[in-house]
There are 4 protein chains.
Amino acid sequence: MSPRTQDQLQQLRETRKQHILEAALKVFAAHGYDGATINMIAKEAGIAKGLMYTYYESKEKLVEELIRFGLKKAASFMQEKPFHHLTTRKAFEESLRHMIDLFLQETDFWRLYTMLALQPNLASKFKKESMAFVEQYLGIYIAYFQKRKSKDPMAEAMLLGTIIDGLMFDLLIAPAEYPLDDVIKMVVKKFA
Amino acid sequence: MSPRTQDQLQQLRETRKQHILEAALKVFAAHGYDGATINMIAKEAGIAKGLMYTYYESKEKLVEELIRFGLKKAASFMQEKPFHHLTTRKAFEESLRHMIDLFLQETDFWRLYTMLALQPNLASKFKKESMAFVEQYLGIYIAYFQKRKSKDPMAEAMLLGTIIDGLMFDLLIAPAEYPLDDVIKMVVKKFA
Amino acid sequence: MSPRTQDQLQQLRETRKQHILEAALKVFAAHGYDGATINMIAKEAGIAKGLMYTYYESKEKLVEELIRFGLKKAASFMQEKPFHHLTTRKAFEESLRHMIDLFLQETDFWRLYTMLALQPNLASKFKKESMAFVEQYLGIYIAYFQKRKSKDPMAEAMLLGTIIDGLMFDLLIAPAEYPLDDVIKMVVKKFA
Amino acid sequence: MSPRTQDQLQQLRETRKQHILEAALKVFAAHGYDGATINMIAKEAGIAKGLMYTYYESKEKLVEELIRFGLKKAASFMQEKPFHHLTTRKAFEESLRHMIDLFLQETDFWRLYTMLALQPNLASKFKKESMAFVEQYLGIYIAYFQKRKSKDPMAEAMLLGTIIDGLMFDLLIAPAEYPLDDVIKMVVKKFA
DNA sequence: TATGAATGAGATTTCATTCAT
DNA sequence: AATGAATGAAATCTCATTCAT
């Protein structure tokens, strides 16, 4: 038969790459960067080990791409409506809940991200992207606290950021036991 | 020279075990459980690889002991004065600062602990000890918030716990840039 | 357009085979038989990896053909004028220079040939053709030395052959530094 | 029992390294750098694959050491008596025969050396050592031809060098058929 | 015929653990 | 008890060859 067109191949590659990325995320999140093996990922993706290397040149590059991709996605989430022009208490609460939802939809990514961030030699790979993301979301809340005439908007935003980090961590560790709704209400009460 | 007594030998053995534990902590914290090698640890401890195995029967048992030991130490810290009978705002702030100091003195341990906690297959090894510790310190703050007539002492303590987790995380990631003092003040303002 | 005739197709196929052979020669010469990959050769030839296999059934067969082809070409060179009826000193020198020119025009082939010849398991593939070629050119010089009344035409031809092998080797290793002309003059002085 | 002394270990290591080097030489000579595998070498040396890496950090480093070691040995051969103060025809012949003997005792090394020299990317690894060796032995014969009042000692030495290279090559390819003695006599007749 | 994705065997390398001394 | 050499399973990665299109 005739060979696939350039377009079909491009399509195929893109789909496969995405598929591998998803499998890799699952495995890395479960076992950590060093604990995960290419074999596990290939099996999870349902492909031969060797094929991994037609798509990603090494385990290292794979994880880098994974993180870069996830952070880009997260950054674009932060551009969404619920984070625009926060002024009211209600909008604040909504933004918070929206953020947590997003996190809950991507726990695998955030688990991996957190693990890597804790290992200096691995974290350095995506420090820049990571800082950009943090600044973006801190900026949003600093602006909010300024509008609310907080005496120290910077510190208040920082604390909120720390709470979000803590929430992320707690929800990764023991999601079932965590009284998420009560805590959110408490946060809103104290911050909004 | 007379041969060492049984006791002296036992003593020596204990010291050595402790020494290995410290070396292991340093290496595990830097490279993660899977990324660390027995060789690295032996070198860090200044002993031969093979000798490791007369003290700890495997890499796995070594981390387990490490975590168990660290959590026990942390639990005993929580028994110290600054955490007794918190009533005043001042005592609350002191307890908080004391806690953070303890953390800052043992960042390697908490870094490792955090990494492991995020990896379900590894976390299961010390779930019990871990939960006991969390309950202990949550208990202290629940009691505090009850005394302060909080409407929801449980949620407030939980949020405080989350803040402490977030602080721990943020200080592990970027200690230099974190405005710790400002944030503590903000916490005290909002909670005490 | 009318479909190509059987003949045209055959023609095309031959041209393509030749093209692949040239690409393969370049790559094999640069990296050796085991160091070269089918991928490299396909890229050099500007065709898809898979297509290689419709022309040559395996990497092994490809080198074999390559060597066979090159030796045949070399053998036919030896049939050319400059090698007929060597009698005079001048004709001897000319034949030598002609030979070296031929070599210099095909250094890639001779580099590969030399590499393979040194590896017994690979050399065996083309031993016959190789010996035929050597005998052909030795014959020419044995005849020459006989005409010149050498006391040991065989040994003298053999030595000349060895010189040619040495020249080939030296010119492959460090062509720029080699004082080729001075050495040829010296050979002529000593042999012609 | 008590552990081995520093000395015993050093001894053991040295012996093993040498043993591996010999096995590696054999395998590399037979299959070429890329054709040889660590597995083959380990088997030839009678040790486990993994142990190779306690002695040589990579396949690449192993060949490098092999070549460096062999060239050093060859260079020190060139310091021996038969090459001192060549003046007489007899001494010249002796030096030649001595040289060829040395080559014949180390054909594996020279086979490997020749193969590597032909592959530019591999040859670069030991260019310096290689050039030093060539200069050393060329120097000896330039001096000889100067003493013999040759009109062009440099070219004559160069030609002799080329002959030696050619001899080496021919003896590697087909030692059994080569009329070595006749050719040596012919060389002596023409050069001494 | 032509493409390059896909396979799978095997290459290089690593490392927890054992062993001889 | 102490050493580090040795093992062997398994990890990362490569590549000749096949296959679906």
Side-chain angles (χ1 to χ4, degrees), chain A residues 1-6 8-10 12-13 15-16 34-42 46-62, chain B residues 4 9 12-13 16 34-43 47-62, chain C residues 4 9 12-13 16 34-43 47-62, chain D residues 1-6 8-10 12-13 15-17 34-42 46-60 62:
Chain A
M1 322 305 156
S2 43
R4 278 173 276 220
T5 64
Q6 217 53 19
Q8 282 174 314
L9 282 169
Q10 183 63 23
L12 183 63
R13 270 190 85 78
T15 315
R16 261 276 193 269
D34 291 292
T37 76
I38 292 289
N39 223 346
M40 291 175 184
I41 297 171
I47 61 174
K49 205 173 13 172
L51 189 54
M52 296 289 302
Y53 292 87
T54 8
Y55 291 94
Y56 296 95
E57 60 177 296
S58 69
K59 190 183 172 185
E60 200 181 340
K61 286 280 166 61
L62 175 54
Chain B
R4 278 174 276 225
L9 280 175
L12 204 71
R13 210 182 143 76
R16 186 71 75 92
D34 290 291
T37 74
I38 294 288
N39 227 341
M40 289 175 187
I41 297 172
K43 246 172 211 154
I47 62 171
K49 202 174 7 175
L51 192 52
M52 296 284 302
Y53 287 83
T54 65
Y55 291 93
Y56 297 96
E57 62 175 296
S58 70
K59 191 183 172 184
E60 201 180 341
K61 287 279 165 62
L62 177 53
Chain C
R4 278 174 275 228
L9 279 175
L12 205 72
R13 213 183 141 75
R16 186 73 75 93
D34 291 291
T37 75
I38 293 289
N39 228 341
M40 289 174 187
I41 296 172
K43 246 173 211 153
I47 62 171
K49 202 174 7 174
L51 192 52
M52 295 285 301
Y53 287 85
T54 66
Y55 291 93
Y56 297 96
E57 62 176 297
S58 71
K59 191 183 173 186
E60 202 180 340
K61 287 278 165 63
L62 177 54
Chain D
M1 322 312 157
S2 43
R4 279 174 275 221
T5 63
Q6 216 53 20
Q8 282 173 314
L9 282 170
Q10 182 64 22
L12 183 62
R13 270 190 84 79
T15 315
R16 261 276 193 268
K17 275 197 92 163
D34 291 293
T37 75
I38 292 289
N39 222 346
M40 290 174 185
I41 297 171
I47 61 174
K49 208 173 7 176
L51 188 54
M52 296 289 301
Y53 291 85
T54 3
Y55 291 95
Y56 296 95
E57 60 177 296
S58 69
K59 191 183 171 185
E60 199 180 340
L62 176 54

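Sequence lines set the chain letters: A, B, ... in the order given, protein chains first and strands last, and positions in each chain run from 1.
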S.K.: For E:dG4, take OP1 and OP2 only and decide whether either is under 4.0 Å from a side-chain N or O of A:R13.
M.R.: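 No, A:R13 has no side-chain N/O under 4.0 Å of OP1/OP2 on E:dG4.
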S.K.: Without decimals, in angstroms, what is the distance between A:I38 CD1 and E:dT14 P?
M.R.: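 Result: 16 Å.
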S.K.: What is the distance from CD1 of D:I41 to P of E:dA11, rounded to the nearest Å?
M.R.: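 Going from D:I41 (CD1) to E:dA11 (P), I get 12 Å.
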S.K.: On DNA chain E, nearest-nucleotide positions of C:K49 versus B:G50: which is more 5'?
M.R.: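 This one resolves to C:K49.
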S.K.: Given 3.5 Å as the limit, does a donor-acceptor pair link the side chain of B:K49 with the main chain of B:K43, or not?
M.R.: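 Checking the backbone N and O of B:K43 against the side chain of B:K49, no donor-acceptor pair under 3.5 Å is found.
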S.K.: With no hydrogens and no angle check, is any side-chain donor or acceptor of A:Y53 less than 3.5 Å from a backbone partner on A:K59?
M.R.: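 Not a single qualifying donor-acceptor pair exists.
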S.K.: When you measure from the side-chain N and O atoms of B:Y53 to the phosphate of E:dT17, is any distance below 4.0 Å, counting only OP1 and OP2?
M.R.: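 Result: yes.
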S.K.: Roughly, in whole Å, what's the span from CD in A:E60 to P in F:dC13?
M.R.: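 One finds 8 Å between P of F:dC13 and CD of A:E60, rounded.
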S.K.: Check the pair D:T15 / D:L12 against side-chain contact (heavy atoms from CB on, under 4.5 Å), numbers first and verdict last.
M.R.: CA-CA 5 Å; D:T15 315; D:L12 183 62; 5.6 Å; no
S.K.: Rounded off to whole Å, could you give me the CG-to-P distance for the D:D34 and F:dT14 pair?
M.R.: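 From D:D34 CG to F:dT14 P: 14 Å.
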S.K.: Heavy atoms only, 4.0 Å cut-off, all strands: where does A:T54 land among base, sugar-phosphate and nothing?
M.R.: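 Counting heavy atoms under 4.0 Å across all strands, no contact is made by A:T54.
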S.K.: Find the distance C:R16:CZ to E:dA2:P and express it as a whole number of Å.
M.R.: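 Those two atoms, CZ and P, are 4 Å apart.
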S.K.: Without decimals, in angstroms, what is the distance between C:K43 NZ and E:dA2 P?
M.R.: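 Those two atoms, NZ and P, are 19 Å apart.
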S.K.: What does E:dG10 pair with, Watson-Crick or G-U, if both distances are under 3.5 Å?
M.R.: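 In the structure as shown, E:dG10 has F:dC13 as its Watson-Crick or wobble partner.
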S.K.: Using purine N1 to pyrimidine N3 plus N6-O4 or O6-N4 for Watson-Crick, or N1-O2 and O6-N3 for G-U wobble, each under 3.5 Å, what pairs with F:dA2?
M.R.: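 Paired with E:dT21.
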S.K.: With nearest nucleotides of DNA chain F determined for A:M40 and A:L51 from heavy-atom distances, which residue corresponds to the more 5′ nucleotide?
M.R.: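 Its nucleotide being nearer the 5' end, the pick is A:M40.
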S.K.: Which sits closer to the 5' end of DNA chain F, D:A48 or A:R4, going by the nucleotide each is nearest to?
M.R.: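 Nearest-nucleotide comparison on DNA chain F picks D:A48.
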S.K.: Take B:R16 and B:I47, measure what side-chain contact (heavy atoms from CB on, under 4.5 Å) needs, and give me the verdict at the end.
M.R.: CA-CA 10 Å; B:R16 186 71 75 92; B:I47 62 171; 3.6 Å; yes
S.K.: Please pick, from E:dT13, F:dT3, E:dT7, the nucleotide with the shortest atom-to-atom distance to any side-chain atom of B:I47.
M.R.: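 Minimum distance to the B:I47 side chain belongs to F:dT3.
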S.K.: Tell me: OH of A:Y55 to C1' of E:dA5, nearest whole Å?
M.R.: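 Interatomic distance, OH of A:Y55 to C1' of E:dA5: 6 Å.
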S.K.: Side-chain contact test, heavy atoms from C-beta onward, threshold under 4.5 Å: evaluate it for C:L62 versus C:Y55 and give yes or no.
M.R.: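 Contact flag for C:L62/C:Y55 side chains = no.
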S.K.: With a non-hydrogen cut-off below 4.0 angstrom, is A:A36 in contact with a base, only sugar-phosphate, or nothing?
M.R.: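 Sugar-phosphate only.
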S.K.: To the nearest Å, how far apart are A:K59 NZ and E:dT14 P?
M.R.: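 Rounded to whole Å, this separation is 13 Å.
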